[in-house]
Number of protein chains: 2
Amino acid sequence: METIEKKVCDWIDSHEIKAVRLLKKLVGEKSTMGQEFHAQAVVLEKLRQFDAEIDVWEPSIKQLRQHPLFKSDRTSFKESPNIVARKRGTGGGKSLILNGHIDVVPEGSKKDWDTGPFQPVVKQGRIYGRGTTDMKGGSTALLMAMEAIEKCGIRLKGDLIFQSVVDEECGGAGTLAAVTRGYRADGALIPEPTNMKLFIKQQGSMWFRITVKGLSAHGGTRYEGVSAIEKSMIVIESIRQLEKVRNKRITDPLYENIPIPVPINIGTIKGGTWPSSVADTVMIEGRCGIAPSESPEDVQSELESWLKDLEYQDEWFKHYPAELEWFGAMWLPNDLTGDDELATTLKSAYQTITGEQPIVEASPWATDGGVLSHAGNTPVIVFGPGETKLAHQANEYIEKDALIKAAKIISLFIMKWCDIERIT
Amino acid sequence: METIEKKVCDWIDSHEIKAVRLLKKLVGEKSTMGQEFHAQAVVLEKLRQFDAEIDVWEPSIKQLRQHPLFKSDRTSFKESPNIVARKRGTGGGKSLILNGHIDVVPEGSKKDWDTGPFQPVVKQGRIYGRGTTDMKGGSTALLMAMEAIEKCGIRLKGDLIFQSVVDEECGGAGTLAAVTRGYRADGALIPEPTNMKLFIKQQGSMWFRITVKGLSAHGGTRYEGVSAIEKSMIVIESIRQLEKVRNKRITDPLYENIPIPVPINIGTIKGGTWPSSVADTVMIEGRCGIAPSESPEDVQSELESWLKDLEYQDEWFKHYPAELEWFGAMWLPNDLTGDDELATTLKSAYQTITGEQPIVEASPWATDGGVLSHAGNTPVIVFGPGETKLAHQANEYIEKDALIKAAKIISLFIMKWCDIERIT
């Protein structure tokens, strides 16, 4: 390790407590969709300590709706401001976007939590709370890395653009708003929870809703009706088959350790209104993965025609076809292939800190990387300290050691990518 | 037909318009659970025209809760009064309860209705609206029969006890309250929608709720979770098997034309909270039929042990057994076997009016007959003008001709059962 790198890492090590305090403060402010501003205020407070140009704005829904990649049910970004802090480089280096989303998914059933989801607690080296892993921990690592570099008096040649965006969990409109506001760079890092793996490809995804029709009848003469619940079981089973077919096609070695590279998740089901009646409608909602090599439109057509074929399996669907809608969000896939420099630089930083080669994989979920690359033409790599399996869960946590390690790797990566002014 | 019978039938025929007007008035007053009093006011207005003792009361929830047959989630009968009108006989005849429920099930989705569910409309010999078939049409037939007898100056020997009860759709607490208030008789007729068939046995039923557990995970790594939706499909399929097993046991010839004599209906399903998450809980609710020969307790144990056996089919259920609850209502089965006089008398009235033998069957659904016979020791026959398949449906209707025919049959039945004072 170079002296300057060691200095930065030592600063991070000796300020571990600051990282924990910042993360706890961020987690303490509930920032589910529509109420992100409390947590953004914490980010802003932190950014004001930096020597950077700060831009805070509520995205314009009117403007976003004109963008072809905007897919969202949102009608307003009131109280959901984006924040970008640009630290201008001295010139001659590559620019870098550091992107973290501030929104978190709802906490779910509180009784599943051992601690309050928004009352962060540190226990046995872990920080618990909603968003610790996904991804306020990642954003904390970014801010720690930036602070270490600044506090060590290092001047970067390339621009460093930190983004704390809203709406990632609902489709990426926050990052899209940052792109349309003009923020682009030579590369971007998103510290989503990758378990410290390098994700050079990310799966995209879309939400669908399928309405299955039945025919109501009294439960005592249920044979006079047609149960939409039974018919929905056929639909779900058929989607399982489609998932198999789609995943058989995936030969990318990056996916070889992933049991289902591109899953189709049935997330919710709801149907029927009365225990003693035959259900006449069932609605299922889910998430369909988009492989990095696919376009959303191709995937949509495939599911649509698959569902149409249900009529060959069950005559009922000929008369009452399962209705398919795409609703809410769409997360675009991302593929770094061909832009190896981001990966090479991050690998080298990883190796310097850990002494090991990082694992390189494709992510089973989408990130704002799809928007950055497709709309902003900015190559993206995803790497972060959180654990995928804890995201969206009760008792979500992050390992403090991973957070600190990630901050160090990211600080080295920033210095390598943007390059530094050497004091001669 | 005797002269006196002909006179009564002629009165009914010439007052058809009164029957239609009364039914429309009853249907026009929405009487779903908790708001029965508007429709009961119409009943009361009608009953005041009779020479009868009228009893109107709101059942006491405190008192009912002490009765072993009270199974209901209700906490109050405020604005849900029962009405009983007793017309004392001159003595020496058999007493008869005429029981109709005033409550109706909710109208469901209004867009499925061609007319307003509570704006009754007469079209091509049919009266449309919620409750026309189930069972304000039946109650109208009772009231027309009673009025015809009174208007023709006939005096009955036995007591005639007309009951307009609440809460049948939710478990029969209205009829139970009438029984505990002391109303019993030598026989009872309930004009539920039987398509003019005689139901001498009625199936009972109970509501159950099954909670199926899964393990939440991000939809992109759904293989890290366990879908409660997929597990619920196993539970539903298993219940289908139990239904087959249970129905194979039914050898009663009364059921031979009924495809599934004792159905288990899965009426509702609800699970998962987010399209991109693996659902960790699914709740299904349904109605389990009780054969006339069964006790509710036996059926409960059978379903319980059946669900326990799921662990042999899928290890998951060993660790997370499907949780079974019995909730809400319970309708007791009823079996007239051994008390043939009610059936014989009604058959003879039917034959006099139609010239044909009636169809005798067992009902695929429960009625308040279970409460009348089990709690009130009153033998019950079920016969009415509505059509089973229209009950609880959108565009529910009743055929005006069936309504009038039923009123005539019932009037003859009353005269035969209670016997009349002959003018000598």
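Proteins come first, then strands; the chains are lettered A, B, ... in the order of their sequence lines, and each starts at number 1.
- Below 4.5 Å, heavy atoms of chain B meet heavy atoms from I266(A), G267(A), T268(A), I269(A), K270(A), G271(A), G272(A), T273(A), W274(A), all part of residues 266-274 of chain A.
- When all heavy atoms of G220(B) and P263(A) are compared, the pair lying nearest together is O-CG, 3.1 Å.
- When each of M283(B), R240(B), H392(B) is scored by its heavy-atom pairs under 4.5 Å with chain A, the top score falls to R240(B).
- Neither the backbone nor the side chain of D134(A) comes within less than 4.5 Å of any heavy atom in chain B.
- Separating the OG atom in S205(B) from the NE2 atom in H218(A) is a distance of 7.0 Å, to the nearest 0.5 Å.
- When all heavy atoms are compared, the tightest approach of Q393(A) to A217(B) is NE2-CA, 3.2 Å.
- The OG atom of S232(B) lies 9.0 Å from the CD1 atom of I229(A); values are rounded to the nearest 0.5 Å.
- Per-residue counts of heavy-atom pairs under 4.5 Å with chain A were compared for E169(B), M233(B), E285(B), E224(B); the largest is that of M233(B).
- Between chain A and the residues T281(B), I260(B), T221(B), V282(B), the most heavy-atom pairs under 4.5 angstrom are made by I260(B).
- Annotation: side chain of P364(A) is in contact with side chain of Y223(B) (closest heavy-atom distance under 4.5 Å).
- For Y320(A), the ring pair (Phe, Tyr, Trp, His ring centres under 6.0 Å) partners are W316(A), not counting sequence neighbours.
- Options A366(B), A279(B), S276(B), G286(B) differ in how many heavy-atom pairs under 4.5 Å they form with chain A, and the most are formed by S276(B).
- Contact of E243(A) with chain B is made through the side chain alone, with heavy-atom distances under 4.5 Å.
- Every residue two or more places apart in sequence or in another chain that forms a ring pair (Phe, Tyr, Trp, His ring centres under 6.0 Å) with F327(B) is listed here: W207(B).
- Residues E230(B) and E237(A) form no side-chain contact, since every pair of their non-hydrogen atoms from C-beta on lies 4.5 Å or further apart.
- Listed by chain and residue number, R246(B), I264(B), E302(B), L303(B), W306(B) satisfy the side chain to side chain contact (heavy atoms under 4.5 Å, CB included) test with L242(B) (two or more places apart in sequence, or in another chain).
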